[in-house]
Novice: 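What follows is a single structure, and I will ask about it in a moment.
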Amino acid sequence: MKKLLSILPLLAVVIGVHLLTSATDTMYYLTQMTMSAYYSLLIIGLCVLMGYAGQISLGHAGFFAIGGYLSAALTTRSLIPYQGTTLVSLLDSAGLLLSGHDLYGEALLVVTPWAACIIAVLTAACIAVVIGIPVLKLKGHYLAMATLGFGIIIYRLALAMEYFGEADGISEVPAFVLLPGVSVSGNFSDRVQNYYIAWVLLLIGMVLLLNLIDSRVGRALRGIHGSDEAADAMGVNTARFKLQTFVLSAVFAAIAGVFLTHYNGGIGPSEAGVMKSVRYVAIVAVGGMAHLWGALLMGIVLNFLSLRGIFGSYDDAVFGLILIVIMLFAPNGILSINVRHRLRQLLGRGKQDRAGEV
Amino acid sequence: AWAENIKVGAILAVTGGASFLGGPEARSLEMLVEEVNNNGGINGNKIELIIKDSAASPEKAISFAKQLIEEEKVLAIIGPSTSGETMKIKNICEQAKTPLLSCGAAEVIVNPVAAYVFKTPQKDSFAVKKIFMEMNKMGISKIAVLAGNTGFGKAGKGQLLKIAPEFGIEVVEVEVYDKKSNDLSAVVAKIKANKDVQAVINWSIVPAQAIVAKNMRQAGWDVPLFQSHGFGNIKYVEAAGAAAEGIIFPAGRLLIADSLPADNPQKALLMAYKKNYEAKFNEPASTFGGHAYDAFTILMAAVAEAGNDRDKVRTAIEGLKNFAGTGGVFNFSAEDHNGLGIEAFQMMIVKDGKFVAYTGK
Amino acid sequence: MTTELFIQYLLAGITYGSIYAIVAIGFNIIYNTTGIINFAQGEFVMFGGMIAISLLQFMPLPLAILLAVVLTMLIGALIEICFIRWLKSPSVLRMIIITIGISILSREVAVHVWGESIRSLPYFVGNEITSIPILGARISPQVLWVVAVSGLMVVCLGVFFKTTSVGREMRACASNRKAATLCGINAENMVTLSFVLSAGIGALAGCVMSPITYSQYDMGTGLAIKGFTVAILGGLGSSGGAVAAGLLLGIIEAFSVSVVPLAFQDAISISILLIILFVRPQGLFGSKEAAGLKEF
Amino acid sequence: MAFLEIKQLHKRFGGLHAVKDVSFQVEPGQIKAVIGPNGAGKTTLFNMISGTFPATSGSVTFQGRELLGKKPFQVATLGMARTYQNIKMFSGMTALENVMVGRHVQSNAGFLASMFRMPRTWKEERDIRDKSMELLGLLEIEEHAHIDAASLAFGQQRAVELARALAMEPTLLLLDEPAAGLNIYETAEVGRLITKIRDLGITVLLVEHDMSLVMDISDEIVVLCFGEKIAEDVPTAIQQDPEVIKIYLGEE
Amino acid sequence: MLKIRNLESGYGKIKVLKHVSMHVDPGEIVTIIGANGAGKTTLLSTIAGLVKASSGAAEFKGTNILKTKAAVIPGLGCVMVPEGRQVFATMTVEENLLLGGHPLQKQGKQVMTELLEHQYELFAILRDRKKQLAGTLSGGEQQMLAMGRALMSRPSLVMMDEPSTGLAPLIVKEIFQIIVRLRDEGNTVLLVEQNAKAALGIADRGYVLETGKIIVQGPAEDLLANQDVQRAYLGREKVEEK
Ligand SMILES: Nc1ncnc2c1ncn2[C@@H]1O[C@H](COP(=O)(O)OP(=O)(O)OP(=O)(O)O)[C@@H](O)[C@H]1O
Ligand SMILES: Nc1ncnc2c1ncn2[C@@H]1O[C@H](COP(=O)(O)OP(=O)(O)OP(=O)(O)O)[C@@H](O)[C@H]1O
Ligand SMILES: [Mg+2]
Ligand SMILES: [Mg+2]
């Protein structure tokens with residue numbers, strides 16, 4: 001319950017931002033806020049995996065890409081050539097197919113976004129299970145390398161397969177109609193709606209994860225981080241918990257991928273790139289590793305600035321600088337320095353003074 | 001007095017994987033804007049150029065396109081540098097009725113035609129046809145195709161495979177390699193082992209263009225090597241050194257501007273662009289910078305005619321005829337948003353480390 | 001497959017492999033003293049090549065290379081002194097993130113100094129089309145330079161780390177820094193030394209491979225990823241392992257061309273590496289015990 | 001059938017036989033100590049019983065169930081808890097949270113239940129907290145409940161580790177040198193605690209070098225030397241055993 | 001040999017040692033006893049240069065060691081055997097020992113081999129474990145390795161932080177014998193111990209440290225006889241009960 005309450009101020013901020021931008025006629029900021037929210041969804045998932053379960057993943061852009069690419073491909077690549085195959089007719093009879101015409105009047109038969117979304121997220125989860133079992137047995141740098149390798153493989157496949165558009169990626173992805181009248185799309189007219197879709201999704205994700213880390217499972221995860229061996233001896237099935245967390249964060253990443261792809265109307269191989277994964281890890285670290293709020297904050301701020309092109313051609317340079325500066329001077333994340341630590345220091349000093357008086 | 005500033009947006013891959021495109025493009029634009037403004041602007045209006053560096057990421061291109069259209073309220077957008085990014089923002093520009101002058105190569109950008117979307121680079125299909133015509137003359141009928149895994153390579157490979165039968169040419173080997181490959185001797189060995197191959201076409205960008213050439217020659221294989229119009233930078237010839245000798249490729253006339261006949265409509269502007277660019281940036285001018293040059297001059301011509309109005313500018317571009325640019329002479333129409341014909345290309349060959357027009361053996 | 005083709009593939013594999021191995025060795029040196037992976041290692045390679053190319057305008061090739069190596073070593077030292085030295089007992093993850101930051105920054109510095117265009121050093125012997133026939137296959141003499149230089153480095157480093165006291169002390173710093181200090185070893189200097197050493201090795205690698213692969217401001221990342229993969233596969237810290245794994249990866253890549261489309265090359269080779277890693281979690285030559293005793 | 005029965009247990013590390021053909025039994029409600037020179041294989045024996053690593057050969061049965069081949073978490077689920085020679089705290093967690101992890105086997109909320117905060121989870125959570133506080137109280141360290149466990153003094157960390165083990169409500173408790181690094185008073189305190197734990201009905205298997213403690217509290221002692229069992233008897237007999245005196249206790 | 005005056009030190013804002021003054025003369029065994037968390041380890045660490053002192057003075061053989069880098073101090077002949085198992089876990093036993101000999105490295109291989117031989121004599125078990133990774137040694141073996149490593153540099157002053165922790169009674173006795181032997185061979189030992197009785201039993205002098213302050217000091221026999229010390233550290237009642 002307390003956790004739910006802690007989300008309320010954030011909800012207020014979200015609504016406030018909307019009201020403020022609409023009052024000042026700067027609603028266009030919401031575009032980047034929406035995109036940042038989706039990236040942050042991935043980042044908070046990764047934060048639980050890295051900060052709490054202590055398992056580094058340099059391949060999370062891969063899961064994002066699995067979600068994004070699959071739902072993009074399923075909802076854009078026409079199945080007309082395969083009409084009549086059992087799989088297609090099966091899907092059709094299940095009501096999962098949508099026929100229509102593309103922008104240029106060609107007949108089109110595609111999977112509905114809802115079905116595509118579910119297929120994409122389930123695929124990501126299954127892949128996470130399959131690779132998670134062997135990968136999570138590794139430790140430290142070896143784990144980093146294995147996840148990095150996974151990311152590279154996904155990137156390479158996206159880049160090599162005709163189905164995924166090779167270097168051009170997939171464009172003209174249709175809107176994702178969540179409910180009648182509510183759809184994820186990049187149309188200028190749907191902006192406010194999409195801002196709320198993204199943020200509500202992020203808030204739900206945040207509540208779930210906050211609940212998780214402050215529970216039996218969360219403690220077990222932190223225990224694994226603290227001492228793998230001792231957690232094991234406490235009866236924690238460490239392998240299974242690590243795997244479940246890995247899958248959970250993969251699902252978060254895939255959902256983010258699906259939604260952002262529909263929002264953007266397309267996806268390209270840069271979303272699967274290794275530097276993206278590195279960026280996500282770095283943002284989690286800058287947020288303070290085991291710090292969901294820090295990760296959320298940094299995810300929003302850094303992505304927002306970068307998507308707005310604030311730093312121009314120095315985007316990477318500034319990002320690198322932020323990384324170094326924060327890691328040098330505030331290794332426990334941005335929040336640790338600015339708010340908590342300083343406050344505590346101040347309070348602490350106050351207490352000492354009073355103690356001195358007495 | 002300046003009536004108003006004309007805002008032009010540009011989304012270019014100045015850094016990142018496609019910076020060899022975005023770099024010269026951005027520099028060309030900066031140079032041109034400076035020139036135009038120093039000469040009094042367009043009809044007395046100064047040009048304000050806003051360049052956004054997308055680093056070749058579609059998601060950034062999308063964000064920037066929306067930003068430029070809504071916040072900056074630009075008249076038109078130049079770029080993006082790559083086809084993949086262009087395709088992502090095609091719909092956005094169309095929806096917002098903002099002209100987009102892409103520097104991307106792929107034909108899908110303008111085919112099917114979207115009302116507000118144009119592109120300046122020559123069509124791949126013409127480059128391909130030009131090469132095949134040359135092959136027919138040389139009596140080559142079985143070839144190997146190599147392509148980089150970039151949007152450029154992808155589009156080129158697609159056209160090569162599609163058009164080859166029209167010219168009675170059989171593609172017996174196809175390989176796609178990574179754009180960052182630093183040695184291709186294995187794949188060269190593989191296609192060399194196929195004794196049918198009479199010539200190799202490589203469709204890629206730096207540095208692989210030079211590496212393919214080197215690895216082929218090092219392997220002692222001397223079948224003709226054709227490259228795409230992406231080879232249009234003398235630095236690549238320098239990079240390939242001795243291995244570049246004899247490479248044949250189609251390109252715009254920028255590279256051989258000096259040797260064009262005086263009555264060529266492009267000659268004057270090519271010479272000027274080349275001279276100014278090389279003087280200002282101390283690096284050889286390339287056809288890529290030329291794409292941005294063309295986009296900008298086309299836009300300016302339309303603005304001069306139609307003023308600061310997105311719709312009118314769009315219509316004006318569609319009406320441009322016989323407009324000389326670096327890539328060729330543009331003739332736009334409602335159906336053709338590229339405006340270049342096959343004659344925009346000239347076959348060239350590398351001789352003694354220089355580009356010269358290729359006129360057959 | 002004809003023998004000629006076989007040998008050609010093998011030689012191509014050795015070329016890639018040697019390059020990967022040299023980068024991996026650079027990783028290992030710093031790992032062996034600090035227990036961290038320096039993700040800016042690829043940038044040392046880039047700096048070596050780029051600096052040598054710039055210097056070549058003023059001096060003959062051997063001198064340019066020498067000076068480039070020295071300058072890169074200085075850069076290595078500078079990086080260590082500015083960013084690493086004064087940290088008090090930093091966690092491994094923190095160090096990794098810092099080195100990633102350094103790598104990004106170095107790349108940005110390079111693009112603003114040298115621009116985005118590709119450059120290269122001239123071939124040490126002959127030119128772009130010179131080749132030496134080996135059993136019917138042909139190979140550029142520069143490849144021999146790469147192989148020779150990496151071979152030499154492995155041998156020297158192996159001897160250095162296993163038998164010299166400085167090498168042992170560097171390893172001790174990685175194992176337990178406090179204890180190393182208590183033994184009278186100046187851990188800070190050892191770390192600086194390791195950065196200098198790996199920067200030098202990276203720079204030398206950057207110079208010998210430049211004629212073959214070209215140098216570009218962003219070449220570091222790709223090399224670092226491959227180098228890291230190889231270092232891990234070989235077993236972190238083991239130079240011999242790095243060479244074996246490098247050659248293995250190179251040869252897999254070269255031969256994979258003959259069975260699958262080139263576009264899938266990386267996906268295939270990395271999948272194979274992952275499978276090897278699953279079977280031998282400590283890498284090919286890493287000690288299982290040692291891997292178990294190291295925490296992240 | 002014995003409560004815990006170890007039969008011909010054997011462990012080899014490369015060429016080294018760390019544990020050789022060791023057999024003994026532990027009866028319910030006993031405090032049984034394992035002593036022996038350094039490197040005799042005591043910790044190795046514990047590691048095999050608790051499943052940390054597999055034995056080379058032999059068998060361990062616990063309440064009639066074969067333990068070998070089981071993972072540590074499975075062994076824990078059967079009701080066995082342990083502490084470590086080098087304390088293994090969950091760093092970054094408070095003392096209370098450390099103990100709460102110990103309740104893991106006694107609760108069952110999973111991922112989904114935790115994320116969605118089912119009402120049942122709620123109640124379970126409260127029970128975990130109460131029970132853990134109670135244990136900290138039992139060990140008289142409840143005032144440190146909300147302090148990061150890793151920054152506690154050594155002796156207090158030992159207590160937290162013990163509370164964490166007790167939180168599992170084990171039937172068998174393995175203690176590896178619980179008094180190491182403690183002074184004479186703290187050691188006596190630990191002794192008192194262990195007896196108290198035994199009185200709760202928990203069987204204790206103990207490794208310790210502090211003879212004042214071992215001789216005081218244990219019901220039976222097993223002596224290992226170079227991996228082999230050389231004696232097993234009640235404390236008074238062990239104290240007199242010339243062999244044990246020679247290799248372990250030393251002459252007074 | 002070692003002189004400390006008004007030493008203050010701690011971790012960041014936390015002050016642990018308050019005005020500690022003490023000295024160690026050549027050829028004696030001095031022991032420091034005190035409860036958990038009293039600051040014994042902090043004191044040794046400050047002398048070894050691992051913890052920075054905030055004020056006061058410390059001299060070792062005439063050198064101001066508060067101004068000397070931690071890595072230089074062993075070279076002066078003052079080494080510490082740290083609390084806990086600070087061995088080089090991923091290196092072999094022999095390599096660990098050789099690293100301990102770092103300050104004498106310049107004297108050549110011959111000297112090193114002799115020193116190794118000497119340690120193997122003192123700690124026979126290490127000889128059998130020569131090639132084993134130190135991290136896999138049993139607790140007691142690691143403790144012996146740490147001592148052997150410190151003795152490799154032929155120090156004039158050895159500071160030992162709770163060397164008997166986790167060792168078998170027989171070994172504890174042996175270790176105390178070794179300490180005595182070291183003294184008899186002309187070494188000086190500064191010993192921190194939980195086992196106050198045994199420590200005072202072999203020491204020449206002793207200090208009692210409580211919450212960062214030295215509260216009692218004097219010859220070992222005096223301390224053994226001191227009522228307060230007996231009550232707090234020797235558990236007299238308990239001993240008498242037996
Ligand atoms: N992973 C391992 N690899 C190789 N040898 C090992 C390993 N673990 C333990 N040993 C060896 O097995 C022997 C027994 O070790 P163990 O830790 O069980 O001793 P112990 O009886 O607990 O000693 P102590 O009282 O000193 O803790 C030791 O000689 C040790 O060096
Ligand atoms: N790294 C550190 N940071 C902050 N405080 C510390 C640190 N190390 C020790 N302390 C604190 O300093 C005080 C003295 O610790 P010290 O380790 O010197 O005690 P000790 O006398 O050696 O105790 P023990 O007998 O348990 O080893 C303790 O209160 C401890 O919590
Ligand atoms: Mg033990
Ligand atoms: Mg201490």
Side-chain angles (χ1 to χ4, degrees), chain A residues 25-32 34-36 38-39 68 102-106 155-156 158-162 165-174 185-189 191 260-261 263-271 273 275-276 303-304 306-317, chain B residues 11-19 22-23 26 50-72 82-92 94-96 104 106 108 111-114 147-155 157-158 176 178-179:
Chain A
D25 205 17
T26 50
M27 296 258 271
Y28 41 74
Y29 284 116
L30 297 188
T31 302
Q32 285 86 24
T34 309
M35 292 167 84
S36 311
Y38 288 130
Y39 286 121
D102 68 8
L103 282 169
Y104 313 104
E106 293 226 19
Y155 174 65
R156 288 290 163 194
L159 210 50
M161 288 167 72
E162 187 77 53
E166 296 177 17
D168 287 341
I170 300 174
S171 316
E172 291 167 4
V173 176
S185 87
N187 291 346
F188 289 109
S189 54
R191 175 161 37 214
L260 188 57
T261 299
Y263 181 69
N264 279 343
I267 185 169
S270 65
E271 289 286 22
M275 283 320 283
K276 268 274 153 88
N303 279 307
F304 181 77
S306 153
L307 287 169
R308 285 195 59 77
I310 298 262
F311 309 118
S313 289
Y314 294 91
D315 194 43
D316 273 350
Chain B
I11 301 173
L12 300 170
V14 185
T15 57
S19 55
I50 303 162
I51 297 181
K52 291 277 184 185
D53 177 7
S54 70
S57 307
E59 68 278 9
K60 279 194 174 177
I62 292 166
S63 171
F64 293 159
K66 291 182 175 176
Q67 213 179 335
L68 288 173
I69 290 169
E70 282 188 295
E71 283 179 61
E72 307 290 355
T82 67
S83 314
E85 293 168 89
T86 307
M87 291 309 291
K88 302 292 180 309
I89 67 169
K90 190 175 167 185
N91 278 340
I92 295 173
E94 192 71 6
Q95 218 186 55
V108 279
N111 179 25
V113 169
N149 64 351
T150 56
F152 182 67
K154 176 202 165 182
K157 184 191 72 180
V176 177
D178 183 48
K179 57 174 179 266

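These values consider heavy atoms only, across backbone and side chains, with no hydrogens, waters or symmetry-generated copies. Every value quoted in this text rests on a predicted model; they were computed, and no experiment measured them. Chain A is the first sequence line, chain B the second, and so forth, proteins listed ahead of strands; every chain is numbered from 1.
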Novice: Between E85(B) and A13(B), what is the shortest heavy-atom contact and its length?
Specialist: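 Heavy atoms only, the tightest pair is OE2-CB, 4.5 Å.
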
Novice: For the candidates S306(A), A160(A), P269(A), which exhibits the highest count of non-hydrogen atom pairs separated by less than 4.5 Å from chain B?
Specialist: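 Most heavy-atom pairs under 4.5 Å with chain B: S306(A).
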
Novice: Between S313(A) and chain B, which part of the residue has a heavy atom less than 4.5 Å away: side chain, backbone, both or neither?
Specialist: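 Backbone plus side chain of S313(A), per the 4.5 Å heavy-atom cut-off to chain B.
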
Novice: Measure distances from L260(A) to the heavy atoms of chain B and classify the residue's part below 4.5 Å as side chain, backbone, both or neither.
Specialist: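 Neither part.
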
Novice: Side chain, backbone, both or neither: which part of Q95(B) has a heavy atom under 4.5 Å from chain A?
Specialist: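 For Q95(B), the side chain is the part near chain A, not the backbone.
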
Novice: If you count every heavy atom of other residues, nucleotides or ligands that lies below 6.0 Å from F188(A) atom CZ, does the total exceed 12?
Specialist: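 Buried by this count: over 12 neighbours within 6.0 Å.
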
Novice: Non-hydrogen atoms of chain A under 4.5 Å away: do they reach the side chain of I51(B), the backbone, both or neither?
Specialist: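 Neither; nothing under 4.5 Å.
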
Novice: Determine, for R156(A) against D178(B), whether the closest basic-nitrogen to carboxylate-oxygen distance falls under 4.0 angstrom.
Specialist: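 Between D178(B) and R156(A) there is a salt bridge, with a charged N closer than 4.0 Å to a carboxylate O.
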
Novice: Select one option (side chain, backbone, both, neither) describing which atoms of T15(B) are under 4.5 Å from chain A's heavy atoms.
Specialist: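 Contact with chain A involves the side chain of T15(B) alone.
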
Novice: Return the option, out of T261(A), I170(A), T26(A), with the maximum number of heavy-atom pairs under 4.5 Å with chain B.
Specialist: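 Most pairs with chain B among the choices: I170(A).
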
Novice: With a 4.5 angstrom heavy-atom cut-off, which part of Y38(A) approaches chain B: side chain, backbone, both or neither?
Specialist: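 It is neither, since no heavy atom gets under 4.5 Å.
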
Novice: For a 4.5 angstrom cut-off between non-hydrogen side-chain atoms, does Y29(A) reach R308(A)?
Specialist: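 In contact.
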
Novice: How close do I267(A) and E271(A) get, counting heavy atoms only, and between which atoms?
Specialist: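 Closest pair (atom of I267(A), atom of E271(A), distance): CG1-CG, 3.8 Å.
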
Novice: Mind checking whether N264(A) and K88(B) have side chains closer than 4.5 Å, heavy atoms only?
Specialist: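 SC-SC contact between N264(A) and K88(B) ruled out.
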
Novice: Does K66(B) make a cation-pi contact with Y263(A) (under 6.0 Å, within 45 degrees of the axis)?
Specialist: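 Judged by the rule, K66(B) and Y263(A) form a cation-pi pair.
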
Novice: Do the side chains of K157(B) and E166(A) get close enough for a salt bridge, i.e. N-O under 4.0 angstrom?
Specialist: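 Between E166(A) and K157(B) there is a salt bridge, with a charged N closer than 4.0 Å to a carboxylate O.
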
Novice: Who wins among E70(B), K52(B), E71(B), K154(B) for the most heavy-atom pairs under 4.5 Å with chain A?
Specialist: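 Top option by heavy-atom pairs under 4.5 Å: E71(B).
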
Novice: What part of D315(A) lies closer than 4.5 angstrom to a heavy atom of chain B: side chain, backbone, both or neither?
Specialist: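 Answer is side chain: those atoms of D315(A) sit under 4.5 Å from chain B.
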
Novice: Among G169(A), G309(A), G273(A), G268(A), single out the residue with the greatest number of heavy-atom pairs under 4.5 Å to chain B.
Specialist: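 Top count of heavy-atom pairs under 4.5 Å with chain B: G309(A).
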
